[in-house]
Amino acid sequence: MPFGQAPLVPINSYRKDENLWLLPYNAELPLDGGFPEFGNGQSMEIPKQYDPKEAEQRHYARWESSGCFAPEINRNPAAPVFSIVIPPPNVTGSLHMGHALQHTMMDVLTRYKRMCGFRTLWLPGTDHAGISTQLVVTRELKKEGLNRLDLGREKFVERVWKWKNESGGQITNQMRREGASVDWSREKFTMDADLTRAVREVFVRLYEEGMIYRGNRLVNWCPNDQTVLSDLEVEKIPQAGKLYYLRYPIKGEDGHVTVATTRPETMLGDTAVAVNPNDSRFEKLVGATILLPLTNREIPLVADEFVDPEFGTGAVKITPAHDPNDYEMGLRHDLAQVVVIDAYARMTEAAGADFVGLDRYKAREKVVARFTEMELLEKVVDYEFSISKCERCKTVVEPLISLQWFMRMDRLRDLALEHLAREGQPRFVPRQYERVYSNWLENLRDWTISRQLWWGHQIPAWYTSSGETIVARSYEEACESAGTTELTQDPDVLDTWFSSALWPFSTMGWPEQTEDLRVFYPTSVLITARDIIFLWVSRMVMMGLKFIGQGPFADVYITGTILDSHGQRMSKTKMNGIDPLDVFDKYGVDATRLTLASVGTTDVRWNEKQVESYRNFANKIWNAARFALMNAEGAAVNPSSLNPADEDFPLQDRWIVSRFHRTTRDLRVALENYEFHEAVQTLYHFFWDDFCDWYIELAKIDVTSEEDSLRRTTARTRLLTILEQALRLLHPFMPYITEELWQRLPGAESNLLHQAYAGADATIMLAAFPEAREELIDEKAEWQMKTIIDLVSRVRNIRSEMNIKPAERVRVLVGAADPQLRDVFSASAEQITRLVRASELSVGGELNAPKASARAVLTGGAEVAVPLEGLIDFAQELQRLDKEMEKLRTEAAKIETQLSNPNFVQRAPAEKVDELRSRIADIAQRSTQLQQTIENLQ
RNA sequence: AGGCACGUACGUCAAUGGUAGACGGCUUCCCUUACAAGGAAGAGGUUGGGGGUUCGAGUCCCUCCGUGCCUACCA
């Protein structure tokens, strides 16, 4: 069971008002029926604290089974398309922070576009992960005292499938917990029959075009995993080592040449010594013959530009069979390749009778000992260099000459570079990765695609008894082509990344020209981590261009990395990983998603406090909804109630509508530009600051009125409607809590769905994402509210600074010369009175306050006074006003400096200059009034 | 060795070249019937150092210092 049933936890048992209200549906989870029924419009008891587990258990199965995730839910044939293919996690994997991060972003976009009415597909699946999976099963066998050779290939592969079917893919259940709105009906696995078919098709076509070939090359070999590795699967690790200076005698002379090496044991396979042709020290020696110690071989001294005269002794030993550079040089000089190390990193017979069978490191000691005996070891110095290790098992890789399959990359590379140059695709976010990507492509070398494993796509090449190679789509086709059934298939499998490279189109049915391929390819965006730009992103681009003729995605978004709290990378070996499932349990999925969505493209340290604050935000949403629902009688969600053209539209309503549309606009822009952090900030502040702190407080008087009036119903309707709209904005980020609350709102029904989903079950995930209506962004209302907020804040500041107890009522006097301003204050007098806890609020043209008052000057020139007869400490008040004055002076000084600079006035945009002028005017007016106030006090 | 990124409040991070912000933490006050996982009011910054471009630089350029990451065929 992926997510266990959470027990009901008594809420906050220490609290005096502990409530044990139970939701009507606690006894049974509605997993079988429709969406839970909530009392539409009837008042109901709702817990004070949000329990995320409740909602998390309730909705996912419902969404999935009612087909909400599948693009078919969209009934609009002309709908625009949005598609993403998931970077397939390893089938052996379990969810880690990196997945959770990427999935959150993909889900946010997918849910957003779906609500916008797009035909939306997010296609899930897993990767067969060749080596990892084979190792997992091998370990399992080991516990039974078996190894894979005991079973044989066929049985072993069967066993891996069994493992895959039983234990693989736990990550898919974890993704359900995340709320990922992927279309499970299209789930793929890289070794599914149809994907295997695509793999073979690609292999055969590339082979036929000469882009796949088999040959002997020096490759990276892992002596532990017994397989070849591509360059990208090898990691270079700096390491303290030694540099050995070995003397090689020169034939026919007394002298010797000294070479420096980090790997003395390879000298047994040397077939030359090389020097730089321009190195005068060795000029006479080029062409000489060297007597290679410990062997009976004579080797030439050759000249090659590659040799750096500055390094070591200027003379280099050449071992073409065991070093990549030497290999290349060997080809240039037609040198013999003497293989002295085998696949198990042991010395071969060619290394000589004294060394055969020795491990490479034992052989090293022995070579060094012999050189010492013969007095041919000149010196040994400490030396730091990079050593190549197998990325997976950390064994030191051995360069070996081996018969493998390779893919020529030159033409594919050119396709990708052209795609970038001509169409600017893929577009990388952030931009700088474009260069990383293109630089890598430019230096691309052939790709070793065969692996000596059993688990994977076996190479579709067969050999006849006479050694002929047949590459075909199937055994049958191969037989036909060979004219015999006596064929042996190549035992190797393909690099896992070969099938991954085809993922964006193989998952959509290619090579068939399917409807999915036509509709959903190319995909809209790829969201992934930067470490697979080369391994995966570039290869998908090349394959997509080659086989479909179009790049696989328009945009590539590269996420940052989540580091641990000390700034270290999270890793299994370091045991410093944070398990996203633990975070879900502790703070809820929605809060975790908000945290993750706030991670941009740079690395961030994991900060649990951040999750906690978003958990609090979820609770805030819950309680705002709780308030609305507790006061919902007689009202229901009604979008047409938010038309400010209607009469009787109080300031707070005009204002919140304006803020809402501004928020919607900013949010949409942020999402379209992948500015997730910006999007979250925008939502957070709209909901908490605008909606909760001000709108609800201002609307409270009407909404909670005892009397059943039209005014009350209207206020309630608007509150519910704004809330409903806000939940829609939040939904892509916080799918669970928004659905949970939405389902409870009276009037939240199928008529709110986007028209593309007409007829579907009512769910917020199919509700229309709000449109930003510019004409409803009301600058005047926002300015008016700003003055009210300013007034309220000033009075509160006075109360706080004067130590007036919260319970104590004060008189508040406002003087405003501007009649419009007076109207604004008067119209909202009731609300202001409540917010500043005043006994009385009077608004007049000028301020007639007793001397013993605390005062403040507002933006726009209004003044406010709080009479504090007997309470006021004049010295303290003076200090407070001085501080205020100081603030104004500092600000004024800054602006003055700018305005007094003739260059600024001349060259800055007029708009900017005007802005500063009006600000300075406002400050000047306030300063004058403040100064007057201060003088009156003295 | 090259390349890229980063360095901003006590912490973690934001800021199309135009008034440096958020969240957490901290101080003071408040269990005010949506929410103490809350409310109100505050304190806290020469944006790593130095130079330059610009009317104006956290932002662009140079340089130095620190920190990460990636690429590379110096034995």
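- Donor-acceptor pairing under 3.5 Å, judged by distance alone, is absent between the side chain of A/Q610 and the base of B/rA22.
- A/F627 carries A/K700 over the face of its six-membered ring, with the cationic atom under 6.0 Å from the centre and within 45° of the normal.
- Dashed line: the shortest gap from a side-chain N or O of A/N607 to OP1 or OP2 of B/rG11 is not under 4.0 Å.
- In this structure, A/T262 does not reach the B/rC74 phosphate: none of its side-chain N or O atoms is under 4.0 Å from OP1 or OP2.
- The side chain of A/I696 has B/rA34 as its nearest neighbour among B/rA34, B/rC74, B/rA14.
- Between B/rA15 and B/rC29, the two P atoms lie 37 Å apart (nearest whole Å).
- Within 4.0 Å (heavy atoms only), A/P806 reaches sugar-phosphate atoms of the nucleic acid but no base atom.
- For the 3.5 Å distance criterion, the side chains of A/T859 and A/D790 qualify, holding a donor opposite an acceptor.
- One can place CG of A/D689 at 12 Å from C1' of B/rG21, the figure rounded to the nearest angstrom.
- Distances from the side chain of A/N616 to the nucleotides B/rG38, B/rA75, B/rC70 place B/rG38 closest.
- For B/rC30, neither phosphate oxygen OP1 nor OP2 lies less than 4.0 angstrom from any side-chain nitrogen or oxygen of A/R799.
- Listed candidates were B/rG18, B/rG42, B/rA41. Nearest to the side chain of A/R796 is B/rA41.
- The side chain of A/D693 approaches B/rA40 more closely than any other nucleotide in the set B/rA40, B/rU32, B/rA41.
- With distances taken from any side-chain atom of A/H685 to the nucleotides B/rA22, B/rC73, B/rA75, the minimum falls on B/rA22.
- Heavy atoms of A/P909 sit under 4.0 angstrom from at least one base atom.
- By the 30° and 60° cut-offs, the orientation of the rings of A/Y383 relative to A/F311 is perpendicular.
- The shortest distance between the side-chain N/O atoms of A/K236 and the OP1/OP2 oxygens of B/rC73 is below 4.0 Å.
- Set against B/rG18, B/rA75, B/rA14, the side chain of A/T602 has B/rA14 as its closest nucleotide.
- Picking from B/rA22, B/rG39, B/rA37 the nucleotide with the shortest atom distance to the side chain of A/K620 gives B/rG39.
- Straight-line distance from the CG atom of A/N623 to the C1' atom of B/rC35: 3 Å, rounded to whole Å.
- Checked against B/rU19, B/rC73, B/rC4, the side chain of A/Q432 finds its nearest nucleotide in B/rC4.
- Remark: A/K48 is in phosphate contact with B/rC35, judged by side-chain N or O atoms under 4.0 Å from OP1 or OP2.
- Taking atom CD of A/E675 as the reference point, atom P of B/rU16 lies 8 Å away to the nearest angstrom.
- What separates CZ of A/F676 from P of B/rC23 is a distance of 22 Å, to the nearest Å.
- B/rU54 and B/rG68 have their C1' atoms separated by 32 Å, with the value rounded to a whole Å.
- For B/rG38, the OP1/OP2 oxygens have no side-chain nitrogen or oxygen of A/W622 closer than 4.0 Å.
- Rounded to whole Å, the separation between the P atoms of B/rC30 and B/rG45 comes to 28 Å.
- Proximity of A/K894 to the phosphate of B/rA20: a side-chain N or O atom is located under 4.0 Å from OP1 or OP2.
- In this structure, A/R605 reaches the B/rU12 phosphate: one of its side-chain N or O atoms is under 4.0 Å from OP1 or OP2.
- Comparing B/rC35, B/rA22, B/rG24 by their closest approach to the side chain of A/K609 singles out B/rG24.
- Of the listed nucleotides (B/rU71, B/rC35, B/rA41), B/rU71 has the atom at the smallest distance from the side chain of A/F534.
- Taking atom P in both B/rA20 and B/rU46, one finds a spacing of 14 Å when rounded to whole Å.
- Residue side chain A/Q49 reaches the base of B/rA37 through a donor-acceptor N/O pair under 3.5 Å, judged by distance alone.
- Between A/A315 and A/R530, the residue anchored nearer the 5' end of RNA chain B, judged by the nucleotide with its closest heavy atom, is A/R530.
- Donor-acceptor pairing under 3.5 Å is lacking for the side chains of A/R281 and A/T313.
- Taking the C1' atom of each, B/rA57 and B/rA72 are spaced 36 Å apart, rounded to whole Å.
- For the residue pair A/E233 / A/S230, a side-chain donor-acceptor distance below 3.5 Å is found, with atom types taken as modelled.
- Counting to the nearest Å, the P atom of B/rC13 and the OH atom of A/Y684 are 18 Å from each other.
- Per the geometry, CG belonging to A/L596 stands 14 Å off C1' belonging to B/rU12, to the nearest Å.
- Distances shown here put a side-chain N or O of A/K700 below 4.0 Å from the OP1 or OP2 atom of B/rA34.
- Classified by interplanar angle (parallel below 30°, tilted 30° to 60°, perpendicular above 60°), the ring pair A/F534/A/W440 is parallel.
- Checked for salt-bridge contact, A/R919 and A/E891 meet the test: a charged N lies under 4.0 Å from a carboxylate O.
- The side chain of A/R435 places an N or O atom within less than 4.0 Å of a non-bridging phosphate oxygen (OP1 or OP2) of B/rC4.
- Between the C1' atoms of B/rA40 and B/rC6, the separation comes to 38 Å (whole Å).
- Residue-to-nucleotide proximity on RNA chain B shows that, of A/N439 and A/T261, the 5′-proximal contact is made by A/N439.
- Considering only side-chain N and O atoms, A/Y383 lies under 4.0 angstrom from the phosphate OP1 or OP2 of B/rA75.
- Regarding A/R926, its CZ atom lies at a distance of 17 Å from the P atom of B/rU19, rounded to whole Å.
- Applying the Watson-Crick and G-U wobble criteria (two distances, each under 3.5 Å), B/rG68 pairs with B/rC4.
- Across the protein-nucleic acid pair, A/L535 atom CG and B/rU71 atom P stand 9 Å apart, rounded to whole Å.
- Using bins of under 30°, 30° to 60° and over 60° for the plane-to-plane angle, the ring pair A/F691/A/Y695 lands in the parallel bin.
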